[in-house]
Every structure is written in structure tokens, then in C-alpha cells.
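In what follows, chains are A, B, ... by sequence order, proteins preceding strands, each numbered from 1. All values below come from the heavy atoms of this structure, side chains included, with hydrogens, waters and symmetry mates left out.
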Number of protein chains: 2
Amino acid sequence: MSVTIKEVAERAGVSVATASRALSGGRGVRPANRERVLRAARELEYEPNAVAAALRSRTTNSVGIVVPRISNPFFATLVEAVEREAARGGRGLLLSTSRYDPEVEAGQLKSLLDRRVDALIAVPCHSERSRAAIEAAGQRVPTVQLDLCLDGGGGSWVGVDSEAGILSAVEHLVGAGARTLAYVGSEPTDSSAQARLDGYRGAAPLCPGGTDRVLLGDFSLEWGHRAARRLLENRRELPEGIVCGNDTIALGVLRELARNGVDVPGRVMVTGFDDIPFAELAEPPLTTVRQPLEQLAAEAVRTLATRLGGGEEPHRRVAIAPELVVRGSTRA
Amino acid sequence: MSVTIKEVAERAGVSVATASRALSGGRGVRPANRERVLRAARELEYEPNAVAAALRSRTTNSVGIVVPRISNPFFATLVEAVEREAARGGRGLLLSTSRYDPEVEAGQLKSLLDRRVDALIAVPCHSERSRAAIEAAGQRVPTVQLDLCLDGGGGSWVGVDSEAGILSAVEHLVGAGARTLAYVGSEPTDSSAQARLDGYRGAAPLCPGGTDRVLLGDFSLEWGHRAARRLLENRRELPEGIVCGNDTIALGVLRELARNGVDVPGRVMVTGFDDIPFAELAEPPLTTVRQPLEQLAAEAVRTLATRLGGGEEPHRRVAIAPELVVRGSTRA
DNA sequence: GTGAAAGCGCTAACAC
DNA sequence: GTGTTAGCGCTTTCAC
């Protein structure tokens with residue numbers, strides 16, 4: 001069997017209590033004893049049992065995260081940033097995916113709670129049907145919604161200010177000379193889709209010409225293709241600027257425009273949202289609204305850390321302003 | 001405080017032992033009692049404490065995974081597949097990243113071991129300097145190397161048959177009429193880079209013409225750009241087929257060729273390796289060797305499950321044959 | 001500053 | 001089938 005703290009204590013000639021204190025920080029232990037314990041531990045190749053420590057101290061030093069999927073580069077980058085941030089605080093990250101299924105999501109949350117994570121980060125996969133499980137989790141441990149949020153608020157949330165992001169895209173397009181605009185986005189099934197659509201509706205009046213073409217589907221490349229084809233049906237009415245709900249859609253739109261010989265950004269300018277890695281690899285490179293992922297992750301972890309540290313700030317809602325990244329798909 | 005199994009037992013009018021048995025499968029418990037326990041648990045909203053169970057039963061039902069990074073879509077997809085596979089077996093996934101730093105990697109492995117994961121999956125970030133930590137981990141729990149492996153073997157490994165993959169790319173290019181080839185890859189700093197390079201050297205003789213141009217850098221887009229520029233220096237000697245060590249490099253090569261007005265696949269054909277999501281979005285879409293990620297993940301978890309189940313197959317090395325995906329960057 | 005002792009909540013022997 | 005009992009390895013009072 002593996003070496004326990006008891007053996008370390010014996011070898012160091014102290015009690016387990018002192019050994020424990022020495023091994024965890026060493027505060028309140030005479031330096032000489034501290035050294036002896038540390039040496040004994042090293043010599044015995046002692047490996048602390050975090051499970052036992054967790055049972056007794058009632059903290060696992062771990063946080064759980066539930067995202068719809070990881071293969072989506074957006075969530076992947078988010079998870080990576082959270083992992084780094086958590087590791088920095090000595091915490092482990094328990095990862096699970098909901099696959100966009102609220103029932104799976106509920107099960108994953110329960111499992112994480114059973115494992116006694118100290119805190120939870122969740123990207124709710126549905127703005128309504130995720131509610132029960134996420135609120136229940138929030139009753140037990142500090143929980144923060146990341147990126148997406150439940151309808152009508154409730155609980156802590158860290159995300160991006162979508163309206164401001166879309167606004168900056170619209171301003172940029174109008175400033176670059178677009179006189180007519182269209183929006184290609186997703187049906188508002190989640191909070192981001194909703195906020196981006198709202199953002200477009202709010203910002204559209206800045207444009208002098210027609211802005212009433214709003215095509216809603218989902219956040220996919222295929223939808224981008226189809227929406228572009230629809231806009232191309234009447235070549236004369238092709239808008240001068242197309243605001244897309246995310247980069248994937250924008251990539252689909254760009255592609256379809258290229259296939260049809262439409263000059264981008266000459267005839268039509270296109271913007272995306274997220275700044276996924278491929279955005280700058282597209283032809284032409286995509287002007288887009290960059291999600292400040294590192295900041296989001298850091299803020300989410302900070303929110304939890306505050307609450308773990310005993311801070312009683314029950315409902316913290318943080319919307320970070322995103323930044324427009326201008327590339328070749330729009331004129332400067 | 002939260003409800004314990006003791007209270008559930010009391011309410012159900014049985015001993016904690018019976019409650020425990022009923023709650024975990026219910027084998028060897030009279031159905032009537034089982035029902036009463038389950039009902040009591042439901043009524044009290046009992047939440048089992050997996051930490052306590054883990055301490056006593058010496059299994060945490062969790063596996064740890066260490067990858068260089070998650071924002072790389074290749075690893076992200078791998079992690080996602082592993083997560084799904086682990087969740088299917090009721091296991092949690094503790095995720096950490098090494099950021100390509102063997103010291104960080106060693107620390108992460110130690111931390112996962114302290115947390116008493118039942119098994120480990122690691123993508124060694126360095127074929128030499130990862131050895132000590134990974135071998136040490138392998139002494140304590142079933143450990144499998146995924147994708148990359150340590151130099152000279154040792155331990156279980158699940159990955160792709162890189163040689164076979166490169167071979168299929170070369171055969172395809174030659175079959176499509178390429179008479180001269182070049183290889184643009186990474187310096188063999190990791191096992192995949194090495195195997196792909198070996199694969200090219202082994203397969204090159206299949207091509208009738210010159211195949212001795214081998215450019216080695218790293219697995220980046222920038223290196224693809226630079227390598228392509230180098231090949232373009234003497235336009236006349238531009239090879240008819242360029243085999244790239246991964247998709248990212250291939251994307252860089254494609255881009256540079258396009259900028260210089262070289263017709264792909266007319267004048268030059270290009271192949272990649274991995275089949276990252278963007279491969280099919282490139283212009284032209286990239287012919288590439290697809291990594292069977294789901295299979296890799298499933299096989300890795302299966303390898304561990306076998307060992308956890310008591311199977312004593314110490315050194316399982318599984319190389320899965322990848323599949324060539326033919327797209328527009330080569331002629332059919 | 002240190003030690004003795006009491007659990008954290010659960011499972012696994014071992015009796016019955 | 002069921003109950004009693006004894007810990008898993010650690011941290012944390014509480015005395016000294």
C-alpha cells in the first residue's frame with residue numbers, strides 16, 4: 001500500500017498532527033520539525049491522499065465545468081482558459097459535456113455535485129430547460145453561468161456584451177460605406193442568439209438604407225450557405241453589408257458569395273462574431289467581433305474564488321465589452 | 001449539513017449497510033427494503049458523497065487526462081471523445097493541460113495522482129523529457145499514452161499508424177499523376193513528427209521522379225508559408241505533389257501557393273494530415289489523412305477499462321489505420 | 001508549538 | 001439478507 005502521513009510522522013518523530021501542519025503550509029510548526037517532516041516525506045516518497053483530505057476538510061479543491069461540447073473551438077478555448085486559471089489556484093477541473101441535451105446536462109451537474117466540486121461553471125445549453133438543474137446546483141455550491149445564461153437572469157453570469165459587439169460591427173460597416181444591411185443569425189434559442197439579434201435590431205437604424213432583411217436559422221456553416229443563396233436570389237437587392245451572428249455562419253456566407261463571383265469586400269462586406277481561429281484564415285480574412293475568452297474565463301474563476309473565499313456577492317453579472325477585429329472582409 | 005446515508009437508513013428502518021447496498025445496485029437486498037431505502041433517499045433528497053465512497057472503496061471512478069492544449073481542435077476532439085466514453089462508464093474526467101512544458105506536465109500528473117484518479121491518459125508533450133513522469137505514473141495506475149508516445153516505446157499506447165497514413169497519401173498522389181514530390185513537415189521532436197517523416201521516406205520510392213526535397217520546421221501555418229516560399233524559389237523545380245506533415249502546414253502551403261498564382265491541384269497537388277474541421281473549408285478543400293479520433297478515444301478508454309477490470313495486459317500498443325479523405329486539393 | 005483523539009461519510013468484512 | 005463494527009487517510013478541535 002501507499003505511504004500514509006502516519007508513517008511520515010513516525011519517521012520524522014512527530015505526531016500526525018504536526019506532520020499534517022508541516023505538509024500543508026507549515027504555519028505554526030517549528031522550522032526544525034517542518035524540515036524533518038518534509039525530508040521524511042521525500043525519503044518515503046509520500047503521496048498525499050487528496051481524497052482523504054477532501055473528506056475531512058470538506059473541500060476538494062476542484063471545480064466542475066459543463067459545456068455543450070468541446071470540439072467547438074469556442075468552448076475549447078474557454079475550457080482551456082478556465083483550466084489554466086483553476087490550475088493557477090491549485091484546483092483541478094472536472095470536465096463534462098451536455099451535448100446540447102438538458103437532461104444530460106442535469107445528470108452531469110448532479111454527478112459533479114456528488115463528487116463534491118467546490119464550485120461550478122456551466123454554459124447552459126438551453127435558456128429554459130437548463131434552469132432547474134442549474135438553479136438547484138446554485139443552491140449547493142457557488143455556480144456561475146458562462147457565455148450563455150438562463151432566460152430572465154437569476155444567478156451569477158459572466159459573458160460578453162453581445163449588443164455592444166453587434167453595434168460595433170454595424171457602426172464599422174456603415175462607416176465603411178454600407179448603405180444597406182442584412183443580418184444572418186440563429187433563431188433566438190439561446191441567450192446569445194437573442195442578444196445578438198436584439199443588438200442588430202437596436203443598431204440597424206444607424207444605417208441610412210434598408211436594414212430589414214433578417215434571416216434566422218442556426219449557428220451553422222450550412223445555414224450560412226443557404227442564407228447567402230437566399231440573399232443572392234435577387235442580385236440587385238443584395239445588401240452592401242451582411243452582419244452574421246457568428247463566424248461559422250459568416251464563413252458559409254463568404255463561401256457562397258465567392259462561388260457566385262461576388263466581390264468581397266468590394267460589392268458586399270461581411271462581419272462575423274467570436275473570432276474563431278479560422279476567421280483569419282478565410283479568404284478574405286474575416287472581420288469579426290472578438291470574444292475575450294481569457295477575460296471571460298478569468299472573470300468566471302474570479303467570481304467563484306470570491307464566493308469561495310467567503311465573499312457574499314450572490315448575483316454577480318459581468319458583461320465584458322468585445323472588440324472588433326477588422327480584416328479583409330470589410331473595407332477599412 | 002447535507003443528508004447522510006445514516007439518516008436515509010434510519011428513515012427506511014434499516015442499517016446503513018443495507019442502505020448502502022440498496023443505493024449501489026441493490027444486489028443482495030430484499031426488494032421491499034430496497035424500495036424503502038430508495039424512497040427515503042428521494043424524500044430526504046439524499047446526495048451520495050462520492051468523496052467518502054472513494055476514500056473507503058479506494059476507487060474514485062474518475063480518469064485523468066493530460067493534453068498539451070485544448071484549443072488545438074485535434075486535442076479538443078480527442079478530449080471530447082474521451083469524456084463521452086468515460087461518462088458512459090460513469091466515470092468523471094479530470095482535465096489538465098501541459099502547455100507543451102514537460103515540467104508542467106509532470107506537475108499535472110502528480111496532482112491527478114494525488115487526487116487518486118483510477119487511470120490516466122496522457123499525450124506526452126515531449127518524446128524524451130516526458131518519460132520520467134509518465135513512467136512514474138504508470139507505476140501507480142493504469143496509464144495509456146494517446147496519439148504521441150515516448151521514444152523507444154514502453155507502456156501502453158493508442159495512436160494512429162502514421163506510416164500507413166503517409167503511404168496512402170503518397171500512393172494517391174502518384175496515382176493521380178504526380179511525378180515529383182516534396183515533404184513539408186516538422187522536425188521530429190515528437191513521435192508523430194518522426195513517424196510521418198519515416199513514412200514519407202519509406203513511401204517516396206513509389207514515385208518515379210524526384211522525392212528528395214524534405215523541408216522540416218514545426219507544425220505551424222507560418223512554417224507552411226515559409227516552406228512554400230522556399231519551394232517557389234525555383235518555379236521550374238516546383239514538385240507536382242506536396243505531402244504535408246499536418247493540416248495546419250498544408251493550409252499555409254495552400255495559401256502561399258494561391259498568393260503566387262499556382263494552380264492547385266492543376267500544377268501542384270497538396271495533402272495534409274489530421275483532417276481538422278477547417279480542412280474541408282479551405283480553398284480548394286484539402287485532401288488529407290483523417291485521424292479516427294472517436295476510435296482512438298474509445299480504444300484508449302477500453303485499454304484502461306480492461307486494466308481496471310483486472311485484465312493484466314501490461315503493454316498494449318494499438319495503431320489504428322487512418323483513412324485518406326480525397327478533396328479538391330488533389331486530382332481524383 | 002505540539003500531541004491525542006475525534007471524526008468526515010461511506011463501504012466491506014464478518015457475524016448472524 | 002441484514003446488522004455490527006471497523007476502518008479508509010486525513011484535518012481539526014482541544015488540551016497542554
Rounded to whole Å, CG of N33(B) lies from P of dT2(D) at a distance of 4 Å

Phosphate oxygens OP1/OP2 of dG3(D): is one of them under 4.0 Å from a side-chain N or O of S15(B)? yes

With DNA chain D as reference, determine whether P31(B) or V51(A) sits nearer its 5' end, using the nearest nucleotide of each. P31(B)

At under 4.0 Å, does any side-chain N or O of R58(A) touch on OP1 or OP2 of dG9(C)? yes

What is the nucleic acid contact for A17(B), judged by heavy atoms within less than 4.0 Å: base, sugar-phosphate only, or nothing? base

Using a cut-off of less than 4.0 Å, is there contact between a side-chain N or O of R56(A) and OP1 or OP2 of dG7(C)? no

Using a cut-off of 6.0 Å, state whether more than 12 heavy atoms not belonging to E128(B) lie near its atom CD. yes

Assess whether side-chain contact (heavy atoms from CB on, under 4.5 Å) is satisfied between S2(A) and E47(A), documenting all intermediate values. CA-CA 8 Å; S2(A) 65; E47(A) 314 215 15; 6.0 Å; no

With sugar-phosphate meaning primed atoms plus P, OP1 and OP2, does V14(B) contact a base, only sugar-phosphate, or nothing at under 4.0 Å between heavy atoms? sugar-phosphate

Base dG1(D) paired with R27(B) side chain (donor-acceptor, <3.5 Å): no

Check: D190(B)/S127(B) side-chain N/O donor and acceptor closer than 3.5 Å: no

Criterion salt bridge (Lys or Arg N to Asp or Glu O under 4.0 Å) on R84(B) and E294(B), from CA distance to verdict: CA-CA 10 Å; R84(B) 185 166 35 237; E294(B) 299 291 333; 3.1 Å; yes

Just to confirm, is there a sub-4.0 Å distance from OP1 or OP2 of dG3(C) to any side-chain nitrogen or oxygen of T18(A)? yes

Tell me whether the OP1 or OP2 atom of dC8(D) has a side-chain N or O from N49(A) closer than 4.0 Å. no

Any donor-acceptor pair under 3.5 Å joining the side chain of R116(B) to the base of dG9(D)? no

Contact class for S20(A) (heavy atom, under 4.0 Å): base, sugar-phosphate, or nothing? base

